[in-house]
Amino acid sequence: MLQCTGFAAVPEMGALVVLIAMNAEAGPTTEVPDLDDMLLCELGEHDGATEHAAQLWAGEMDAARDLWMFWIDAGADVSPDPDPDPDADPDPGPGPDADNRVRRTFRFVELPPCLAVMRTLATGEREACLLFDRHPAPHSWDVTDPLADLMAERMREEIRRERGGEPPT
Ligand SMILES: [Zn+2]
Ligand SMILES: [Zn+2]
């Protein structure tokens, strides 16, 4: 299962929510989160009817709950209108080049973490799911991040090339 490739810039509202949450925890180090940070959806690939989800600055908060940002693009090819009514909608319908007109809605929720833990019997290693309680899509250990994998592969190739290309002196 590949990771969802959805991403979103943190809206101003999101920064406010984080500040309020941090104040509620009375953390001694209150950092103002950066606006326009890009967050990647952390779920496995999912359909358009499922919200994207990314964890917001959880580091300073109570570990019992994490703050998550959910977003969904209304007007994406989620639910094609079966009966378009030209009188009701003065705008031309969303065409193939209407991507920047897609309405994106955000919501911010504090959620307990998913309690699932995968144990590899052979090694005895335990890996906790990094997602939130009752998340859609598979647990985080079943999700591979193709971008991160690609970067790792590039680095390995570079190291191989450096080692193979330069004769030992
Ligand atoms: Zn997603
Ligand atoms: Zn999980």
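Start at 1 with the first residue, then count along the sequence. Because the structure is predicted, anything quoted here is derived from the model rather than measured. Indexing begins at 1, ligand by ligand and atom by atom, following the structure's order.
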Of all N/O/S atoms in His52, the name of the one nearest the Zn ion (ligand 1): ND1

Does a salt bridge link Glu51 with Arg107, judged by any charged N lying under 4.0 Å from a carboxylate O? yes

In degrees, rounded to 10 degrees, what angle do Cys4 atom SG and His46 atom NE2 make at the Zn ion (ligand 1)? 110°

For the SG atom of Cys41 and the CE atom of Met69, what is their distance to the nearest 0.5 Å? 9.5 Å

Taking every heavy atom of Ser140 against every heavy atom of Ala128, the minimum-distance pair comes out as OG-O, 4.0 Å

Within the 4.5 Å heavy-atom criterion, are Asp66 and Leu111 side-chain neighbours or not? no

What is the SG(Cys129)-the Zn ion (ligand 2)-ND1(His139) angle, to the nearest 10 degrees? 120°

